[in-house]
Amino acid sequence: MESEENGGTHTSWFDFPGDVESSLCDHAGKKRKQELCINPVIRILEDEEEEEDDHEMASEQMKDSEEPRNKRVKPVAKSNSLTGVITPVKTPALKRIGQSISRSISFRTEARPLPAAPLRPRQKAAAFPRRRSSQCWSDTVESHDLTAKEIKRQEVIYELTQGERQLIEDLSLVKKVYYEPMLTLDIMSESELGQIFGTLDSLIPLHQDLLTRLEKLRGSEKTVGEVAPTLMKWFPCLEAYITYCCNQVGAKALLDQKKQEKQVEHFLRLCQESSFSRKLDLWNFLDLPRSRLVKYPLLLKEIQKCTPPEHPDEDVLPDALELIHSIVAEVNRKTGEAECQFFRRGLSYMEEAQRLPEIQLSRFLYCHGELKNSKGQRLHVFLFELALVLTRPGEDREGGQVFQVYRQPLPNALLNLEEIPDGEAGGGGTFRGAFTGGNDKVRNCFRVSSRGRSKAQSHSLQANDSFNKQQWISCLRQAIVQSRDRGAQTSQSPLSHPDVALYHIAGLSLSSDTEMTDLAR
């Protein structure tokens, strides 16, 4: 009847006790035996009911023996033992089969009607909610006598404080749930974990310091007066983000590489499926500090909008806003330089002539991502500060990602850009056939070509959607203009430094996830 297999209960559905089988045969006849063979799971559910029906039928037959033989006997109705105990609920077929299996076991072992189903104990609430509660400052005070503008100011300051508290919780969680177990279980080496997590551990006391300062500012009525001087004193601590954000470029590449290992992938997947993760993966947690950094200027602007002219913060807030903007710009600039260096090191040259000086002199990336050429090949294209480089992604011997340079890189100062409107043939039948699969409409395409220095080159490229296309065109135009202006001003002098305002573009990535049909020319 039942046997233990792999820690679970395996039930044989075709092995019935003799008394139950004989009862079924006597009561139901050949027709019921055929139904039993066709659908044993459903029949088992009815075994107990039919035993009860046998008793009712026996009593009916005794009564019938005292009445005339020509009296028609009504068929015995099915027992309502199930419907009398359990409220009918519409459940999926798979769930009904599972319920049938569990009930049938008790039916065959006990000769009594089905008892009331026990209530399933409530599961203990998860220690970490999947979503954080969105509590406002107004929810923390019983009453207040403030104007609408003052209430708004308190709400923004409270959001700033709660954001610090949540960031500290998340960073502590990452250390306890990801870093320490992976180190203890030897899922990654200490060196690899150091590269991926970087200086994350040093950011926890930094934000704990700001949280402590903000909480001390709250008065007896849970309101905050001056906040700008506290922020002015604390903002210089954010220069620690330069080291952390610069390390993130290589950390992301190494994490993606390690995810290919089964043990790492399994551990990270289990963590993401757990309630504490709120469906976020490890990289989402590692990227939280950077997201927090760029939010400070926004919060400070909101505080400034809600601060009345006579408030003491009015004179200090502009200085605090200027300070945080300069810190964020510096972090972006340094991160852009680190990203540029990382991808420059990842370039693999087939010929020495491909090593243009413009690539080595570039300090940042305008953008990079996947594009498709007219041969149907997927290329990873880098628009450096001074050169456009087309590559084919690959792997080195250690499984790390490398980018094999495709054709000759193009100096930005010599680039020509041609936008191909959607729906136009744009380049003859070969071009149309490669990008459209026989369709007359060409979509999301543009062409880059070079002039001077060497033989002319031309590349027809396709983005995965119109938004990506416009991003590429915008960045290409900006790179061309900047390079030509620089060349005109300093034709024979060393290359000058680019405009600092352009460094924010370094973080722009135009990777394509949309699948497109690969068609050869």
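Just the heavy atoms: all of them, side chains too, but no hydrogens, waters or symmetry mates, feed the values below. Numbering of residues begins at 1 and proceeds along the displayed sequence.
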[X] side-chain N/O to [Y] backbone N/O, donor-acceptor pair under 3.5 Å:
X      : Y      : value
Asn444 : Gln462 : no
Arg344 : Ser362 : yes
Asn412 : Glu385 : yes
Trp472 : Phe446 : no
Ser202 : Thr199 : yes

Fit a plane to each ring of His380 and Phe403, take the angle between them on a 0 to 90° scale, and name the class: parallel (under 30°), tilted (30 to 60°) or perpendicular (over 60°).
->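 Plane angle between 30° and 60°, so tilted.
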
If the plane angle is over 60° it's perpendicular, under 30° parallel, otherwise tilted; pick one for Tyr296 and His207.
->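 Geometry flag for His207 against Tyr296: parallel rings.
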
Salt bridge check: are [X] and [Y] linked by an N-O gap of less than 4.0 Å?
X      : Y      : value
Glu370 : Arg378 : yes
Glu352 : Arg355 : yes
Lys295 : Glu159 : yes
Arg218 : Glu215 : no
Glu419 : Arg447 : no

Where [X] and [Y] come nearest, the two heavy atoms and their spacing:
X      : Y      : value
Phe267 : Met182 : CE2-CG, 3.3 Å
Ser277 : Gln272 : OG-O, 2.6 Å
Ala228 : Asp313 : N-OD1, 3.2 Å
Asp465 : Asn468 : OD1-N, 2.7 Å
Pro409 : Leu356 : O-CD1, 3.3 Å

Is the distance between the ring centroids of Phe384 and Tyr366 less than 6.0 Å?
->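 Not under 6.0 Å, so no.
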
Given Ile168 and Ser172, is the side chain to side chain contact (heavy atoms under 4.5 Å, CB included) satisfied, shown in steps?
-> CA-CA 6 Å; Ile168 294 168; Ser172 302; 4.2 Å; yes

Lys152 atom NZ, neighbour heavy-atom count above 12 within 6.0 Å |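 Not more than 12 within 6.0 Å, no.
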
Answer yes or no: does atom CD of Glu322 have more than 12 heavy-atom neighbours from other residues, nucleotides or ligands under 6.0 Å?
->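 Open: at most 12 neighbouring heavy atoms sit under 6.0 Å from CD of Glu322.
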
Glu261: what forms a side chain to side chain donor-acceptor pair (under 3.5 Å) with it, not counting sequence neighbours?
->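 For Glu261, the residues satisfying side chain to side chain donor-acceptor pair (under 3.5 Å) (neighbours in sequence not counted) are Lys258.
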
Check Gln263, Lys262, Arg269 against His266 for a side-chain hydrogen bond (donor to acceptor under 3.5 Å, both in side chains) and give me the one that passes.
->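 One option only clears the test, and that one is Arg269.
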
Does any non-hydrogen side-chain atom of Ser474 lie less than 4.5 Å from one of Gln471?
->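 They are not in contact (no side-chain heavy atoms under 4.5 Å apart), so the answer is no.
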
Measure the spacing between CG of Leu282 and CG of Asp287 and express it to the nearest 0.5 Å.
->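 CG of Asp287 is found 11.0 Å from CG of Leu282.
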
Are Arg363 and Glu337 close enough, and set up right, to give a salt bridge (Lys or Arg N to Asp or Glu O under 4.0 Å), and what steps lead you there?
-> CA-CA 5 Å; Arg363 287 182 167 270; Glu337 291 179 359; 3.7 Å; yes

Kindly indicate, with the supporting measurements, whether the criterion side chain to side chain donor-acceptor pair (under 3.5 Å) is fulfilled by Gln162 and Arg165.
-> CA-CA 5 Å; Gln162 288 299 102; Arg165 180 176 287 106; 2.3 Å; yes

Candidate pair Arg153 and Glu150, rule salt bridge (Lys or Arg N to Asp or Glu O under 4.0 Å), full reasoning = CA-CA 5 Å; Arg153 174 182 160 87; Glu150 290 172 335; over 6 Å; no

Applying salt bridge (Lys or Arg N to Asp or Glu O under 4.0 Å), run through Glu339 and Lys334 and close with a yes or a no.
-> CA-CA 9 Å; Glu339 183 184 33; Lys334 293 293 186 180; over 6 Å; no

